Every structure is written in C-alpha cells, then in structure tokens.
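Okay, so here's the structure we're looking at.
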There are 2 protein chains.
Amino acid sequence: MPAGFTSEDMKKLDEVVATRRRIKQGDMLFGNGDAFTSLYAIRTGFFKTCVSTEDGREQVTGFQMAGEIIGLDGIVTDHHSCNAVALEDAEVCVMPFAKVEDLSREFPLLQRHVHKIMSREIVRENSVMMLLGNMRAEERLAAFLLNLVQRLHARGFSQSELTLRMSREEIGSYLGMKLETVSRAFSKFSDEGIIEVKQRYVHILKPDALKKIFNPQTCI
Amino acid sequence: MPAGFTSEDMKKLDEVVATRRRIKQGDMLFGNGDAFTSLYAIRTGFFKTCVSTEDGREQVTGFQMAGEIIGLDGIVTDHHSCNAVALEDAEVCVMPFAKVEDLSREFPLLQRHVHKIMSREIVRENSVMMLLGNMRAEERLAAFLLNLVQRLHARGFSQSELTLRMSREEIGSYLGMKLETVSRAFSKFSDEGIIEVKQRYVHILKPDALKKIFNPQTCI
DNA sequence: ATCATCATTTGATATGAATCAAGATGTTTT
DNA sequence: AAAACATCTTGATTCATATCAAATGATGAT
C-alpha cells in the first residue's frame, strides 16, 4: 500500500483488508466458474493459478507469492476463469471488490494503485507470451529462475538460493514444456556449473551465465 | 460505453474522448519506452501490439480492432512496454488517463467499465498462454480464426468470411510458430475443405470442423 | 507496361522437444 | 522399518515444427 494517507484514511483502508483466510497446501482459494466477489492479497504462502481446457489440458498461468494480488481474472464476467491453488499453507487478505471500488473513488492513490496492479499483470503476461512464443527450453528456464530469485530477493530472501514450491511438471506447464525437458535443462545447467540443484533446492552459482542464456545480447 | 447516464453526465464523459488521432498504415501509435499519457479507443482500423527483446526477436501480443482499447500496458510504469502499429489506416480516440481516472471516481459505472476492460485483457492473455503452452500448430490457427470471425461478427461483419489484416509472419509471431508453418496449416485446412483461402481472404466453410480441431471434446 | 520487391506456398532436410520406458530418489503410510 | 506412492532423472526413439531453399504470385515504383 502506497504512502500519503492520514491515520484517519488508514482506518478506512484497513477495513478493506479486515478479513483473512487460511488455505492449506493443495487447496483451492477460488476456482474456474466460482462467483467473483473479492481480490486476495497474499500474506504468506505461495500460489499457482491455472486455466484448463474441457479435454483436461492444464496451463499454469502464474506463480504468486507474498504481497501479490490474485483474483483479477474474475472482474470481467463476475466469475473466476482460473483456479488458484496453494502450493504451501497460505494466508490471504480477502478484499471485497465492491469495497475496493468504493474506496478507490474516495482515494485517488488507492485508485492508481489498483490500476497499476492490473497493468503490471498485463505486462507480465506479455513477457510470458514472449517466453512461450520465441524462446527455447533452456532460455525459458533461465528466465524463470531469474524472475523467481529476483522476486524473492525483493522480499528479503537470498538472491542466489531458493527452494522451489512447485513440481517439475508445474514449472513445465508454466513454461510450455514437458517435465522431462525441465529436468534435463536443470541437469544441463548443473553440469555446466551454473547452478547447483538438489530436488527443489536451487543454488544459483553463476547468475550472469543464466542471464546470458536468457538474453545473449545484454551480457556480451 | 455502458448505459445509465443522464445527458449531463454524457457531456462530461464525451470530453474524455474529445481528441482524435489518425494513424497511417504501418505507423506506430505508441512504442516501447514512450511516456504513457493516454489510453486509445480504436474507432476504425486494425492494430497489432508487440514486444521485442534486445536481440531483435519480436512477439505479437495481440491484434485489436474497432471498439477495443489499447495502451493499458503503460499504466504500471508510466511508460509503454510494447509497440502499437496500425495494420491499416486507423483512427483512435485519445483518452488522457488522468481524465479517465478523474471521471472514474465520479461515475461508478465508468469505473467498473475500466476495471472490466483490464480484467478482460488479463483473461485474454491467459487463454493465449494456454494456446502457446499446450496446443499444436493447427489447433492454434483454428482458435485464432474462430476468435477473429467471432469478434468481426460481433461488429456486424460476416461470420464466415474475413480479410486478414496481418501477414503470415505476424500471425505466426502471435501464435508462436514460423510463417511457413502458418502457411502449411492454411493449406491443410483448405485441402480438407474446411476453409477457402486466397492470400488474405479467408472463407470458413465448415466452422464446426474448425471448432473440433480447436477443441475435440466440445464437438463430439 | 516492366522491373523490382515483398508475401506466400511448397518441398526437402534438420533439430529440439515430446514420448516412451526404466530406474533412482524421496516421502508418506502402515 | 518396510511397503507403497509420488517425484525426479536419464536414456532411446519418434515426431512436430524449424530451417533451408526454390518457385510462384502479388504489389508498388519507375
């Protein structure tokens, strides 16, 4: 939440995030077809969002961590069009969207904030399209790992070590490749001494080498 | 614009779309890095939006037609992160975003409308991710054609005939495949009598066959 | 009208990732 | 602790699409 509010403002704003909800690992926060009522701000834990076709194919559309907002997909039709599943025990703030809209009209800073969150999601999805449309398996995985540590680092975690919350299959679904291909790319990076992998633990030894794989141009 | 406004309201709302701008075929409405000031409502013409990497790879992120809004990518950083190029001579309404926000606070219906537009774009990109991550070349092209005619039909055009505004290469970029593969998929559909193609003119002879390719389950 | 340029189609071949399959490692249950 | 199950790794093979190449068809310029 941005700065620039009086304590009286804050009291009103706090109201919108008054309700909390705990979600156990593997449980759904909301699912495709559910009525949309609220946005959710992740307080703790880790989520994936995914869409699926009638014939059962699933596409992970994102991984979300503390501080990020999920549920924006529900606004347009008043129903969610994806599933949000907790990849570890989680807690979210339930933000009734009607309240968010009411307060947005009262507080321009909040209004701007909401717009930026939605725009950020659009821009993120644009870059995932670039990933899926133009890049090869190893480039995708490099980009994925760099993005994850960067976000974790912004939250005070290490910029070189991380524990993946998702399976190889979920990574593959997000990156448009099969789990075997994900595994092979991990092994290749490991063989080359770029990372150290032990199941879901990953240690990035040569971040620049990863960046070079992701984008050969920027690191000549 | 949704209904439910008095004529006095409408006068205020008209103000936001007072400015128009013409863009010639091939010209950019806005480009990556440009300062963000406005959203654009397409009045006439046809656009593509695309992102590109430093090493020159380009990904078309969408094709937009009359009645659709472009520029949402610029909100989050105050700078655009993609290029919007006119694929035919076009005219847009320039909607200064500051004005949109001001009026959104005054008119809840407008506020809701803006939120829905952004949410719709997020949901659209989710389904493009599904396309790119999970589907094969012919499924992608079938989905693309069905989506295009459906949008054109909603605007009063034929639901079976269309003239593509984009090249095979641009279609390929959007769908994550090479122009030769796009061409072969067109030829295959044509050989099977599903469509008739002559350069950029496409006549859909068997829409159900296309739907079946796109999603084998729904049309048993 | 002719030439030059660009877009599209089609064929032959190469290649990256999928698929199939088995084994290894790790986790949970009994 | 052993058994059952899920996840991950690795190898062999197949397949869809990319790449390379050439011909055809459209479009614009002189």
Side-chain angles (χ1 to χ4, degrees), chain A residues 24-26 48 56-60 85 87-89 131-145 162-192 195-203 213 216, chain B residues 24-26 48 56-60 85 87-89 131-145 162-192 195-203 213 216:
Chain A
K24 281 212 160 315
Q25 181 171 9
K48 70 169 176 180
R57 283 182 284 188
E58 189 174 285
Q59 173 73 35
V60 172
V85 178
L87 295 180
E88 60 181 7
D89 289 356
L131 214 71
L132 293 172
N134 268 302
M135 300 199 176
R136 290 181 308 110
E138 285 166 30
E139 296 180 277
R140 294 181 202 188
L141 188 64
F144 171 74
L145 289 174
L162 67 155
T163 301
L164 300 171
R165 250 73 240 212
M166 69 294 283
S167 69
R168 300 290 189 262
E169 186 165 22
E170 287 162 334
I171 295 173
S173 173
Y174 183 57
L175 299 178
M177 51 209 251
K178 294 293 160 185
L179 69 96
E180 295 95 328
T181 309
V182 176
S183 179
R184 279 183 237 273
F186 269 120
S187 299
K188 178 123 186 286
F189 291 168
S190 179
D191 290 349
E192 290 167 340
I195 63 173
E196 189 192 328
V197 204
K198 180 91 166 109
Q199 300 288 123
R200 297 195 176 183
Y201 165 83
V202 179
H203 186 182
I213 290 165
Chain B
K24 281 213 160 314
Q25 180 170 9
K48 70 170 177 180
R57 283 182 285 188
E58 188 174 283
Q59 172 72 36
V60 172
V85 178
L87 295 180
E88 59 182 6
D89 290 356
L131 215 71
L132 293 173
N134 269 300
M135 300 199 177
R136 290 183 307 110
E138 285 166 31
E139 296 180 277
R140 295 182 202 187
L141 187 64
F144 171 75
L145 288 173
L162 67 156
T163 301
L164 299 171
R165 249 73 240 211
M166 69 294 283
S167 69
R168 300 291 188 261
E169 185 165 22
E170 286 162 334
I171 295 171
S173 173
Y174 183 57
L175 298 177
M177 50 210 250
K178 294 292 160 186
L179 69 96
E180 294 95 329
T181 308
V182 175
S183 178
R184 279 183 237 272
F186 269 120
S187 299
K188 178 123 185 287
F189 290 167
S190 181
D191 290 348
E192 289 167 341
I195 63 173
E196 190 192 327
V197 204
K198 179 90 168 114
Q199 299 288 123
R200 299 196 174 183
Y201 165 83
V202 178
H203 186 183
I213 290 166

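Because only heavy atoms are used, hydrogens play no part in the values below, and waters and symmetry mates are left out as well, while side chains stay in. Keep in mind that what you see is a predicted model, and the values were worked out from it rather than measured. Each chain gets a letter, A, B and so on, in the order its sequence line appears, and its residues count up from 1.
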Closest of D/dT9, D/dT10, D/dA18 to the A/Arg184 side chain is D/dT10

*Taking only the side-chain heavy atoms of A/Arg200 (C-beta and beyond), determine which of D/dC8, D/dA12, D/dA26 contains the nearest atom.*
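Looking only at heavy atoms from C-beta outward on A/Arg200, the closest nucleotide is D/dC8.
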
Heavy atoms under 4.0 Å, any strand shown: does [X] hit a base, just sugar-phosphate, or nothing?
X: A/Lys188; result: nothing
X: A/Ser167; result: sugar-phosphate
X: A/Gln199; result: sugar-phosphate
X: A/Ser183; result: base

Nearest heavy-atom contact between A/Thr181 and A/Ala137 is CG2-CB, 3.8 Å

Review point. Which atoms form the tightest heavy-atom contact between B/Lys48 and B/Val60, and what is the distance?
Key: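 Between these two residues, the closest heavy atoms are CD-CG2, 4.3 Å.
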
In whole angstroms, how far is the [atom2] atom of [N] from the [atom1] atom of [X]?
X: B/Arg140; N: D/dA16; atom1: CZ; atom2: P; answer: 13 Å
X: A/Arg168; N: D/dT9; atom1: CZ; atom2: C1'; answer: 9 Å
X: A/Arg136; N: D/dA18; atom1: CZ; atom2: P; answer: 13 Å
X: A/Asp191; N: D/dT9; atom1: CG; atom2: P; answer: 11 Å
X: B/Glu180; N: D/dT17; atom1: CD; atom2: P; answer: 14 Å
X: A/Met177; N: D/dA16; atom1: CE; atom2: C1'; answer: 17 Å
X: A/Leu179; N: D/dA6; atom1: CG; atom2: P; answer: 15 Å
X: A/Ile171; N: D/dC8; atom1: CD1; atom2: C1'; answer: 11 Å

(Q) On DNA chain C, does the nearest nucleotide to B/Glu169 precede the nearest nucleotide to A/Lys178 from the 5' side, or the other way round? Give the residue. (A)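 Comparing both residues, the 5'-ward one is B/Glu169.
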
Judged by nearest nucleotide, the residue sitting upstream toward the 5' end of DNA chain C, A/Thr181 or B/Lys198, is B/Lys198

- Task: Using modelled atom types only, decide if a donor and an acceptor are shared between the side chain of A/Ser183 and the backbone of A/Arg168 within a distance under 3.5 Å.
- Result: no

B/Glu170 side, atom CD; B/Glu58 side, atom CD - distance, nearest 0.5 Å
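Here the rounded value is 8.0 Å.
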
So CG of B/Leu145 and CD1 of B/Ile213: to nearest 0.5 Å the spacing works out to 9.5 Å

Q. When you check the gap from the basic side-chain N to the acidic O, do B/Lys188 and B/Glu192 get nearer than 4.0 Å?
A. yes

First and last nucleotide of DNA chain C touching chain B, 5' to 3', heavy-atom cut-off 4.0 Å?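 Under 4.0 Å from chain B, the extent on DNA chain C is C/dA7 to C/dA12.
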
- Query: Is there a side-chain contact between B/Phe144 and B/Leu131, using heavy atoms and a 4.5 Å cut-off?
  - Reply: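 No - every pair of side-chain heavy atoms lies 4.5 Å or more apart.
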
